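Here's the structure we're looking at; comments come further down.
Numbered from 1 within each chain, the chains take letters A, B, ... in sequence-line order. Note that the structure is a prediction, hence the values are computed from the model and not measured.
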Number of protein chains: 2
Amino acid sequence: MAGAHRTKRLTDALRSDGIRITRQRAALLEIIATSDDHPDAVELHRRASDEVPGLSISTVYRTLAALEEHGVIQRHQFQGDTARFEHADTAHHDHMIDVDSGEVIEFRSDRIEELQAELAREMGYDIVSHRMELYVRKRD
Amino acid sequence: MAGAHRTKRLTDALRSDGIRITRQRAALLEIIATSDDHPDAVELHRRASDEVPGLSISTVYRTLAALEEHGVIQRHQFQGDTARFEHADTAHHDHMIDVDSGEVIEFRSDRIEELQAELAREMGYDIVSHRMELYVRKRD
DNA sequence: CTTCGTGCAAACTATTTGCAGCTTG
DNA sequence: CAAGCTGCAAATAGTTTGCACGAAG
């Protein structure tokens with residue numbers, strides 16, 4: 001399946017980057033690569049514990065930090081929530097958070113990105129990164 | 001001065017809202033109303049300690065929570081930073097954060113706001129609130 | 001075989017809370 | 001006075017770190 005294939009490519013890239021692929025990291029990578037939601041460290045720990053019993057939460061945190069450093073995952077910090085993660089092999093997008101259900105919806109607007117870059121430029125800056133979150137409620 | 005005037009109006013409104021204006025709250029209100037930056041709880045505690053020696057950090061946190069609840073201040077949570085506050089008697093705006101200096105620059109784009117609302121609407125949502133931050137670096 | 005990763009427990013940071021006494025309205 | 005505050009110390013939540021042992025390349 002596509003997930004396994006993608007995971008294989010990732011582990012190879014990471015290995016040649018000098019980071020060791022242990023059982024715990026392999027499990028976390030697999031889970032992250034095949035997840036389409038935005039789990040936090042505790043949730044990832046829960047999901048990985050089936051595969052790696054006894055897995056420590058600190059290993060999860062350390063792995064997440066390493067993967068983020070190597071550009072494999074992205075970290076998101078939504079309002080008053082724990083850090084959530086998603087794999088980085090997806091096109092850039094922003095998030096809407098349904099304030100009632102907690103659901104996270106991805107979206108993208110090239111027009112807004114252009115306007116952001118233009119605004120920054122006008123003020124003498126270049127954008128290093130940005131973050132846009134819409135906290136929304138379903139229309140009745 | 002304008003600051004004092006504004007502060008007076010605020011305290012009256014709060015008082016009639018049933019919240020007591022103590023020495024510590026008066027000091028914090030005055031400081032927040034006359035600050036044009038985005039201090040965090042610890043910084044506000046430092047600034048208010050001149051006026052109210054012995055002021056406790058928990059009182060600062062409790063006061064900030066109360067003021068936010070009453071719409072007097074706004075709380076911002078920038079990337080990997082503590083919560084920062086600013087008075088709410090300013091038109092809506094978003095923030096650019098200079099990643100080198102930490103400086104916070106306010107800006108506003110009606111066009112972007114329109115696009116955000118439109119995007120949400122298209123997906124069947126109304127925007128409750130939003131957050132847009134541009135992490136920027138000065139152009140050389 | 002050596003370097004790097006792991007689990008565990010303890011540390012940390014930002015923030016919140018319980019409680020008994022003190023203020024404000 | 002009575003309801004709200006306050007300071008203090010202790011609790012919390014999420015995350016990070018030191019250490020001795022174990023596993024990966």
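Under the side chain to side chain donor-acceptor pair (under 3.5 Å) criterion, Arg108(A) pairs with Asp110(A), sequence neighbours left out. For Glu114(A), the side chain to side chain donor-acceptor pair (under 3.5 Å) partners at least two apart in sequence or on another chain are Arg111(A). Legend: residues meeting side chain to side chain donor-acceptor pair (under 3.5 Å) with Gln74(A), ordered by chain and number and at least two apart, are absent.
Counting to the nearest Å, the P atom of dT6(D) and the CD atom of Glu51(B) are 14 Å from each other. Distance Glu69(B) CD to dT16(C) P: 11 Å, rounded to the nearest Å. Atom CG in Leu44(A) sits about 11 Å away from atom P in dT15(D), given to the nearest Å. What separates OH of Tyr61(B) from C1' of dG18(C) is a distance of 18 Å, to the nearest Å. Here the C1' atom of nucleotide dT15(D) and the CZ atom of Phe85(A) are 10 Å apart, to the nearest Å. Here the P atom of nucleotide dC5(D) and the CG atom of Leu64(B) are 15 Å apart, to the nearest Å. The distance between atom CD of Glu68(B) and atom C1' of dT15(C), rounded to the nearest whole Å, is 13 Å. Computed from coordinates, the Leu55(B) CG to dC5(D) P distance equals 15 Å when rounded to whole Å.
Gln79(A) CD: more than 12 foreign heavy atoms inside a 6.0 Å radius.
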Please list, pair by pair, any protein nitrogen or oxygen found under 3.5 Å from a nitrogen or oxygen in nucleotides 10-12 of chain D.
none

Using a cut-off of under 3.5 Å, enumerate the N/O to N/O pairs linking the protein to nucleotides 19-24 of chain C.
{"residue": "dT24(C)", "atom": "O2", "partner": "Arg20(B)", "partner atom": "NH1", "Å": "2.9"}

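At the heavy-atom level, Thr82(A) lies under 4.0 Å from the strands shown only through sugar-phosphate atoms. Ile57(A) comes within contact range of no nucleotide atom at all, as no heavy-atom separation falls under 4.0 Å. Residue-level contact check: Ala83(A) touches the backbone only, with heavy atoms under 4.0 Å from sugar-phosphate atoms and none from bases.
Helical stems of DNA chain C (runs of at least 3 Watson-Crick or G-U pairs, donor-acceptor distances under 3.5 Å) are listed by first residue: C:1-25 with D:1-25.
Using modelled atom types and a 3.5 Å distance limit, the side chains of His95(A) and Glu86(A) yield a donor-acceptor pair. A donor and an acceptor atom, one from each side chain of Glu103(A) and His38(A), are nowhere located under 3.5 Å apart. Remark: the His130(A) side chain and the Glu133(B) side chain contain no N/O donor-acceptor pair separated by less than 3.5 Å. For the residue pair Glu113(B) / His92(B), a side-chain donor-acceptor distance below 3.5 Å is found, with atom types taken as modelled.
Ion pairing between a basic and an acidic side chain is recognised when a charged N comes within 4.0 Å of a carboxylate O; Arg47(B) and Asp50(B) show no such pairing.
A distance-only check finds no donor-acceptor pair linking the side chain of Arg137(B) to the backbone of Asp126(A) [under 3.5 Å]. Arg75(B) places no side-chain N or O within donor-acceptor distance of the main-chain N or O of Ala83(B), the cut-off being under 3.5 Å.
Toward the 5' end of DNA chain C, the nearer of the two residues Ser58(B) and Ile19(B), judged by each one's closest nucleotide, is Ser58(B).
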- Task: Go through the steps to decide whether Glu43(A) and Arg46(A) satisfy the test salt bridge (charged side-chain N to carboxylate O under 4.0 Å, His left out), and finish with yes or no.
- Result: CA-CA 5 Å; Glu43(A) 174 61 18; Arg46(A) 172 169 26 252; 2.9 Å; yes

